*Asks:* 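Dropping a structure here in structure tokens format, bear with me for questions.
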Amino acid sequence: MTATLATVGGVFAMVDQDYLLQARQMQALSLAVHIPLVCFGIAFPAMVLFCEWRYLRTGDSLFRTLAQRWSKVMLALFAVGVVTGTILSFELGLLWPVFMASFGNVFGLGFTLEGFSFFIEAIFISIYVYGWDRLAPRLHFLTGIPVAIAGVTGSLTVISVNGWMNHPGGFTLRDGRAVDEHPWSALFGNFFFWHEFVHMYFAGYIVTGFLVAAAYAWGFLRGRWGRYQRTALTIALSAAAIAAPLQVVIGDWAAREVATEQPTKLAAIEGLGPTTRGAPEHLLGWYNGHEVVFGIEIPRLLSLLAFHNPNATVQGLDAVAPQDRPPVNVERFAFQTMVGIGTLLALLGVVYLYVRLRHKRLPGSPWFYRAVVLAGPLSVLALVAGWITTEVGRQPWIVYGVMRTSQAVTDARGIPIGYGTLIVVYLGLAAGVGWLLRRFSRLPLEVDRDG
Amino acid sequence: MAEIPIVFILAGLAAYTLLAGADFGAGLWTLLAGPKRAGRAATRDHARHAMGPVWEANHVWLIFVLVVCWTAYPLAFGSITSTLAVPLFIAAVGIILRGASYALRGQLDGARGQRTIENLFALSSILTPFALGTVVGGIASGRVPVGNATGNPVTSWLNPTSVLIGALAVAIGGYLAAVYLAADAHRLGERTLELDFRARALRSGLCAGALALAGLLVVRYDAPALFNGLTSGLAAAMIGVSAAAGLMTLLLVWRNHFGPARASAALAVAAIVAGWALAQKPRFLPGLTIDQAAAGRSTLLAVIVAVAGGAIVLVPSLILLFRLFLRGRLDPAVTLDATVLTPPHIAQNQKGKTRLLAALAGTTVVIGAGVTVFADPGWARALGIICLFAGAISTFGLATAEPDETT
Ligand code: HDD
Ligand code: HEM
Ligand code: HEM
């Protein structure tokens, strides 16, 4: 039987490369659409439940209204998350059939488990949102808990797959296909995925928190500033403001994992040509094929950050053949975007927490609220930039060091048509979601006696 | 063991056909909601509200089918998706359009563009099951060779068998939806709607039956191997069961027994799926048996364990959802009075607690950050991360503890 498999596997070996670039962009586009919605799947249920819990404890009906209104937004975003996620499941097969055929047996388990998470999430999110006023208050609260848990386990299992793609193991390669695989240990015995998961988890709170806060900050600037708005902003912004500074710590951890496990990715992030002892860090600038020019050089910082030793040796791009290097400038640009935004968000968070905890009030300056309005979209940008760092930095490998992206791509024609169609559809989707959220925000609050 | 995951896949497929099929069918009826006894608007509203709480869960069955297929039979999956890329892409786009217009539709109530969105929803509700049906037809008629896009990109899905199965998928959906909607109208005491949907159920049921019969003829000439399989042994028995159950449903609808009609419709669909599987067994794709397509032992075992474990959680949850749903416990509530009254007076004597929380927050954040950055062993770092989480939660408690009293 093995012999049959080998010949069958051979059919997949050589492919035509025509549409590789478009296929990659199509994949990236779909992920970039899906991933901000995922943040809401991770963080929003917990925030909604927090509000409901406060209501149950204090009897303050404001929290109930808040939870109810947020939960409707949550359901709508979940629905969009569902369809964009479904596109991704199709696309993995449509664009990368050879990847799926050769390695589906190793990482597929992660998605199978993810499927069950989504089942649970979809079931209980419906019960929760449609069950307002229909179920006993405590029971209703309880039906929200599986939603929060499933959002986390769902993302955990998907990210375990991404962790495996970046740090593959748990199989033997024969004729380009994985055999003798051990899916549990390949996915969950792989330490490389933990930083990705924790980093993404915090990103979920940052993105959700700042985006929700941005809506109320916008209201503040327009004079909508009752007790309801203040409470809503406090909850959303507190979540984001706490996660943002901690994200820097987690990001540092991520960078050190990358430094040891994917030195080429680190070299691309920094634009380090030759292997260097006491390597410097460059802010901004451009990689010209050998070194970074027009950047601000900070001596020894890269060695210090990556290995906690200013004299450590950092492997450069030269260590691998040119065709094994990722596109350096894309990688640098994405990474610096993430870190730059991350730093600003962390500062904003610290300012907020200082005022809130020290003076027990919300900041009063309109400038603060203008910054929060900006922080919303910026956090999404950081999120996407972070994934570009991870995914582009893995290039040219789809399974790091094992299978090239160019070997994985489909032979089917027509990717440009698909790509074009998808762009149009996503634009329509974005317009629809924007319209929907606006509509939600316009629903009148019944009475706001305090405001 | 290689055959157990395919049973999961087929069960998922049957569930998807039954549950999401009814969803798609509801979409179909919003398009064909011609003025009957009940007006067009009432018909549409009924179709929309009836599906609200369950469509997401119904939809996940497709995801389930896909992921089990690519985990347990990766080679077959890669071959299918590359050869049948076009209909799969159409289905994917249909799914986005449908999901998006669904989310929008509920909020539109009379806003501009409502008609466009309604039509988009209805069209995607027809397009998606049709495209997915052609995929099944392509596989069943043996038009998907093993390899990266080695099959014909057009005739693999635009062929008599595929088109027929696509049409059948649409018809079955319409039928299931009509039965369901009639039952729902009955529960709500909407007599005219009930009669309308009963009539629709009978008509679409006849259509589905006719298509199925025609299908056998088409398959006989278009895919003789499949036909031989279908007409012999256990597969033939399944086809018989399906036909009998199909007739039975019609009879039940005729007599206004909608609940049992749904059960026998489920049987009819499940029997067809089983018949197809038996007819094709052990072939998955031409030249590739199920055994050859299967992943290694440990993966198959992992899938079986995952599905069994998942089922323990899933089945009670699904039962809960459908019980609440079918009993109308999730119907739209009549009124929601959103009130934001002044806060009830809460004792402010929480200073001590706050101090404690602040101390906890401070220490855990500092320790957590320090350990995460400077400790190297994995266990120490895990501890650091746990500290960071504790710090985050306690700080959140602090930041949201007292209402802000400024304006
Ligand atoms: C709101 C989002 C956000 C913010 C503010 C940051 N990150 Fe990030 N980053 C992500 C969102 C993100 C991400 C999208 O979640 C990624 C992609 C893959 C992953 O694991 O997390 C990511 C990846 C990622 C990677 C690559 C990990 C890998 O390839 O395995 C590194 C090295 C960092 N980040 C480092 C940082 C640093 C030093 C930050 C400090 C300011 C930072 N990130 C802020
Ligand atoms: C578990 C999660 C993920 C999986 C399994 C995954 C899988 C893939 C696959 C199969 C490809 C195509 C092959 C390749 O170019 O290497 C890819 C590329 C890419 N992905 Fe991911 N991805 C995941 C998460 C994300 C997310 C959330 C983003 C967010 C924006 C992202 C951004 C990209 C980009 C930008 C590329 C293109 C790389 C290039 O063309 O150079 N990925 N990913
Ligand atoms: C290649 C990558 C990915 C694929 C194939 C994929 C697949 C899916 C699918 C099919 C759904 C819909 C589930 C349903 O029907 O309920 C979904 C939603 C979701 N996905 Fe992804 N996903 C990918 C990337 C990611 C990543 C990187 C995350 C990580 C955090 C993630 C987390 C989620 C979550 C939490 C949901 C729940 C829906 C929501 O709340 O929006 N996915 N995904």
Side-chain angles (χ1 to χ4, degrees), chain A residues 4 8 11-12 15 58-62 65 76 79 82-83 86-87 89-90 93-94 97-98 100-101 104-105 108-109 111-113 115-116 118-119 122-123 126 130 133-134 181-183 228 230 234-235 238 242 246 249 252-253 356 361-362 410-412 418 425 429 432 439 446 448-450, chain B residues 53 56-57 60 63-64 66-68 70-71 74-75 77-78 81-82 85 88-89 92-93 95-96 99-100 103-104 107 146-149 292 295-296 298-299 302-303 306 310 314 317 321 329-330 333 337-344 346 369 372-373 385 388 392 395-396 398-400 404 406:
Chain A
T4 340
V8 161
V11 180
F12 275 104
V15 292
T58 64
D60 186 347
S61 63
L62 180 144
T65 309
V82 167
V83 290
T86 311
I87 298 310
S89 331
F90 275 81
L94 292 177
V98 190
M100 303 308 285
N105 51 347
L109 178 66
F111 286 109
T112 309
L113 296 170
F116 280 100
F118 292 151
F119 256 130
I123 290 171
S126 292
Y130 287 91
D133 293 322
R134 300 240 149 201
E181 68 279 2
H182 300 283
Y228 175 83
R230 293 201 309 271
T234 305
I235 292 172
S238 297
I242 293 164
L246 296 184
V249 175
D252 170 69
W253 169 29
R356 182 77 187 96
R361 64 176 174 85
L362 293 173
T410 180
D411 255 355
V425 169
L429 192 66
R439 183 128 176 140
E446 226 68 348
D448 189 350
R449 295 196 197 151
D450 181 51
Chain B
E56 271 116 344
V60 185
I63 316 280
F64 175 80
L66 290 177
V67 297
V68 174
W70 81 47
T71 312
L75 193 58
F77 183 80
T81 50
S82 55
L88 284 171
F89 184 74
V93 170
I95 287 170
I96 317 188
L104 282 177
Q107 303 300 322
V146 175
N148 186 355
Q292 290 165 337
S298 50
T299 296
V303 169
L314 180 62
S317 309
L321 175 68
R329 292 289 296 276
L330 301 179
D337 63 326
T339 46
V340 187
L341 303 165
T342 33
I346 306 165
T372 310
V373 173
I385 302 292
L388 282 185
T395 315
F396 184 76
L398 280 179
T400 54
D404 149 77
T406 53

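Lettering follows sequence order; numbering is per chain, from 1. As the structure is a computational prediction, the values presented were derived from the model and not from experiment.
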*Asks:* Which residues satisfy the ring-ring contact (aromatic ring centres under 6.0 Å, His included) test with A:Phe116, sequence neighbours excluded?
*Replies:*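 Checked A:Phe116 against ring-ring contact (aromatic ring centres under 6.0 Å, His included); matches are B:Phe64.
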*Asks:* Against chain A, label B:Phe89 side chain, backbone, both or neither, depending on which of its atoms sit under 4.5 Å from a heavy atom there.
*Replies:*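 The answer is both parts of B:Phe89.
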*Asks:* Which pair of non-hydrogen atoms, one from B:Val60 and one from A:Gly115, has the smallest distance, and what is that distance?
*Replies:*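 Nearest heavy atoms, B:Val60 then A:Gly115: CG1-O, 3.8 Å.
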*Asks:* Where on A:Leu113 is there a heavy atom nearer than 4.5 Å to chain B: the side chain, the backbone, both, or neither?
*Replies:*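 Interface part for A:Leu113: side chain.
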*Asks:* What are the two closest non-hydrogen atoms of A:Thr112 and B:Val67, and how far apart are they?
*Replies:*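 Heavy atoms of A:Thr112 and B:Val67 come nearest at CA-CG2, 3.8 Å.
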*Asks:* Could you tell me which portion of B:Ile385 (side chain, backbone, both or neither) has an atom closer than 4.5 angstrom to a non-hydrogen atom of chain A?
*Replies:*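 For B:Ile385, side-chain heavy atoms alone lie under 4.5 Å from chain A.
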*Asks:* May I have the step-by-step check of side-chain contact (heavy atoms from CB on, under 4.5 Å) for B:Leu314 and A:Ile123, ending in yes or no?
*Replies:* CA-CA 9 Å; B:Leu314 180 62; A:Ile123 290 171; 3.8 Å; yes
*Asks:* Quick check on the interface: out of B:Thr71, B:Thr395, B:Ile96, who has the most heavy-atom pairs with chain A under 4.5 Å?
*Replies:*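 Among B:Thr71, B:Thr395, B:Ile96, the one with the most close pairs to chain A is B:Thr71.
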*Asks:* Between B:Leu66 and chain A, with a heavy-atom cut-off of 4.5 Å, which part of the residue counts as in contact: side chain, backbone, both or neither?
*Replies:*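 Side chain only.
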*Asks:* So how far is it from B:Ile95 CD1 to A:Ile87 CD1, rounded to the nearest 0.5 Å?
*Replies:*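 Going from the CD1 atom of B:Ile95 to the CD1 atom of A:Ile87 covers 6.5 Å.
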*Asks:* Could you tell me which portion of A:Leu109 (side chain, backbone, both or neither) has an atom closer than 4.5 angstrom to a non-hydrogen atom of chain B?
*Replies:*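 Both parts, backbone and side chain.
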